[in-house]
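Presented below is the structure to which this report refers.
Note on naming: letters A, B, ... go to the chains in the order of the sequence lines (proteins, then strands), and numbering restarts at 1 for each one.
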There are 2 protein chains.
Amino acid sequence: MPRTTTRTTLAKRITSRGRRLTKQRVIVAQALAAERQAISAQELHQRLHHGHPRLGLATIYRALEAQVEAGMATRLERQGHVSAYVACVSEHHHHLVCTSCQRVEDVDETILRPVLRGIRDRHDFQVDHERLDFYGLCARCRREKAAL
Amino acid sequence: MPRTTTRTTLAKRITSRGRRLTKQRVIVAQALAAERQAISAQELHQRLHHGHPRLGLATIYRALEAQVEAGMATRLERQGHVSAYVACVSEHHHHLVCTSCQRVEDVDETILRPVLRGIRDRHDFQVDHERLDFYGLCARCRREKAAL
DNA sequence: AGGCTATTGAGAGTCGTTCTCGTAATGGGG
DNA sequence: CCCCATTACGAGAACGACTCTCAATAGCCT
């Protein structure tokens, strides 16, 4: 029963750190996980409004924030002062954002290790956390553009 | 006459792309260049208010934006939905932000080259531009903390 | 089941940023 | 050097994303 397993995992993640398992949080978590691109709280609100008309915007903000705290998602700043959220598939949180289709991929962490070492050695700087977002064209969009 | 040279360079940068050379833009550009750390528009406004009481906040926003367009500065997003601006010393725009003293250093660009190559090769992704901000403790603050 | 407490929904409030508009200043052309 | 179209400024209003408030509701533990 893979579905049950999935739900259990989701529930466990949501309820970590003493949080309660509410319908709203499950809805938001599932919607974000289903999304394969970065999405803002407002977009999520609009998208969920059909099936869940009473789901409030503030609740979505709170649910997304809870997911970030639980390590289930990351927030990335988009141009225009709007934050967007992405569900995390893995532990590391660096992204390739396609400027054409808005899809987001995770960056292979091992690529970054030499950079962190270089910063420590060359700049004498101790990195606690970093935000690395790369913007450009993913393979699919590049092929589509080339086909035109 | 190094001062004159400096002023001329500044004026040239400001007037690039058909912009006009106004007192306000010079004031803001000099203030930002003098600043060795990231600073928000509002902070700049407060700081300049003594010497220039009539300098409006909107003007500072516009001047900073013009500097970003002219390549004289970059905007980086700070936590809490406030943007901060840093004058650019060099061409590349990646930063080491000290979370203790808020000072900003530029990252040596050569460190990043392998990462861009890795992304192109491993992820089949064409990077157009990227935002790399590293947060942590600079050498000075680390020594100060160790001395306690 | 029952109660303690976290969470929700709705809207008001906050705050950074941008827009508006009347006024002032800039810089190119006579 | 002065005119004048055009750009920029200042002040405050407007905007928009996000957060807070508070009464009502719903999880979770025993």
Side-chain angles (χ1 to χ4, degrees), chain A residues 7-8 10-29 31-32 38-70 73-85, chain B residues 7-8 10-29 31-32 38-49 51-70 72-85:
Chain A
R7 287 193 73 217
T8 306
L10 185 66
K12 266 188 194 148
R13 287 197 182 173
I14 289 175
T15 55
S16 74
R17 241 200 64 174
R19 264 182 299 267
R20 288 183 181 173
L21 184 66
T22 66
K23 295 168 201 148
Q24 292 88 342
R25 293 217 248 248
V26 174
I27 291 165
V28 172
L32 187 65
I39 188 169
S40 71
Q42 316 243 8
E43 288 167 335
L44 213 43
H45 184 233
Q46 287 175 20
R47 200 158 308 186
L48 290 173
H49 194 258
H50 295 107
H52 308 278
R54 318 212 17 151
L55 186 55
L57 179 57
T59 300
I60 293 183
Y61 274 106
R62 288 183 286 228
L64 288 171
E65 216 45 52
Q67 283 191 63
V68 171
E69 281 177 32
T74 33
R75 177 175 49 222
L76 47 116
E77 311 296 331
R78 287 203 300 198
Q79 35 275 56
H81 314 287
V82 185
S83 341
Y85 295 81
Chain B
R7 285 195 71 217
T8 306
L10 184 65
K12 265 188 197 147
R13 287 198 183 170
I14 288 175
T15 56
S16 75
R17 241 200 63 175
R19 263 182 299 268
R20 289 184 179 172
L21 185 64
T22 66
K23 295 166 203 151
Q24 292 86 344
R25 293 218 248 248
V26 175
I27 291 166
V28 172
L32 187 65
I39 187 169
S40 71
Q42 316 243 7
E43 287 167 336
L44 214 41
H45 185 234
Q46 288 177 20
R47 201 158 307 186
L48 291 173
H49 194 259
H52 310 277
R54 318 212 18 154
L55 185 56
L57 179 57
T59 300
I60 293 184
Y61 274 106
R62 287 183 286 228
L64 287 171
E65 216 46 51
Q67 284 192 62
V68 171
E69 281 176 30
M72 304 167 63
T74 32
R75 177 175 49 223
L76 47 117
E77 310 295 333
R78 290 202 300 197
Q79 35 278 53
H81 314 287
V82 185
S83 341
Y85 296 80

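Partners of B:Glu69 by side-chain contact (heavy atoms from CB on, under 4.5 Å), not counting sequence neighbours, listed by chain and number: B:Arg17, B:Arg19. For B:Gln46, the side-chain contact (heavy atoms from CB on, under 4.5 Å) criterion is met by no residue, not counting sequence neighbours. For B:Arg20, there are no side-chain hydrogen bond (donor to acceptor under 3.5 Å, both in side chains) partners at least two apart in sequence or on another chain. Every side-chain contact (heavy atoms from CB on, under 4.5 Å) that B:Ile14 has, sequence neighbours left out, goes to B:Leu10, B:Leu21, B:Arg25, B:Val26, B:Ala29, B:Met72.
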All N/O pairs under 3.5 Å across the protein-nucleotides 19-25 of chain D interface:
none

Restricting both atoms to N or O, compile the protein contacts to nucleotides 1-4 of chain D shorter than 3.5 Å, with distance only.
none

Anything under 3.5 Å between a donor and an acceptor, one on a side chain of residues 60-67 of chain A, the other on a protein residue two or more places apart or in another chain? List them.
from    : atom 1 : to      : atom 2 : distance (Å)
A:Tyr61 : OH     : A:Gln42 : NE2    : 3.4
A:Glu65 : OE1    : A:Arg75 : NH1    : 2.8
A:Glu65 : OE1    : A:Tyr85 : OH     : 3.2
A:Glu65 : OE2    : A:Arg75 : NH1    : 3.1

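Distance CD (B:Gln46) to C1' (C:dG16): 13 Å, rounded to an integer number of Å. Between the P atom of C:dG16 and the CG atom of B:Leu44 lies a distance of 15 Å, rounded to the nearest Å. Per the geometry, CD belonging to B:Glu69 stands 10 Å off P belonging to D:dA8, to the nearest Å. The separation between A:Leu55 atom CG and C:dG9 atom C1' is 9 Å, rounded to whole Å. Between the P atom of D:dA17 and the CG atom of A:Leu64 lies a distance of 15 Å, rounded to the nearest Å. With rounding to whole Å, A:His52 atom NE2 is found 15 Å from C:dG9 atom C1'. B:Leu48 places its CG atom 11 Å from the P atom of D:dG10, with the value rounded to the nearest Å. Between B:His45 atom NE2 and C:dC15 atom P the separation is 17 Å, expressed in whole Å.
Among the nucleotides C:dG9, C:dT17, D:dG10, the one closest to any side-chain atom of B:Gln24 is D:dG10. Across D:dC9, D:dC18, C:dT17, the shortest atom-to-atom separation from the side chain of A:Gln42 is found for D:dC18. Out of C:dG16, D:dC9, D:dA17, the shortest distance to the side chain of B:Val82 is found at C:dG16.
Taking five base pairs at each end of the helix from C:dA1-D:dT30 to C:dG30-D:dC1 and finding the rotation axis that steps the C1' atoms of four pairs onto the next four gives two axes whose angle is 40°, to the nearest 10°.
Using modelled atom types, one side-chain atom of B:His45 and one backbone atom of B:Leu55 make a donor-acceptor pair closer than 3.5 Å.
For the atom pair OG1 (B:Thr59) and CD1 (B:Ile27), the distance works out to 10.0 Å, reported to the nearest 0.5 Å.
B:Arg25 has a side-chain polar atom (N or O) that falls below the 4.0 Å cut-off from OP1 or OP2 of D:dA8. Remark: B:Ser40 is not in phosphate contact with C:dG16, judged by side-chain N or O atoms under 4.0 Å from OP1 or OP2. OP1 or OP2 of D:dA8 has not a single side-chain nitrogen or oxygen of B:Thr59 nearer than 4.0 Å.
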Assign a letter to each nucleotide of nucleotides 24-30 of chain C from its 5' end: B, base within under 4.0 Å of a protein heavy atom; S, sugar-phosphate only; -, no contact.
-> -BBS---
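Residue pairs meeting the side-chain hydrogen bond (donor to acceptor under 3.5 Å, both in side chains) criterion with at least one partner in residues 47-56 of chain A, sequence neighbours excluded, are A:Glu35-A:Arg47.
Closest approach of A:Ala41 and A:Leu57 over heavy atoms only: O-CD1, 4.0 Å. Smallest separation of non-hydrogen atoms from B:Ser16 and B:Ala70: OG-CB, 4.0 Å.
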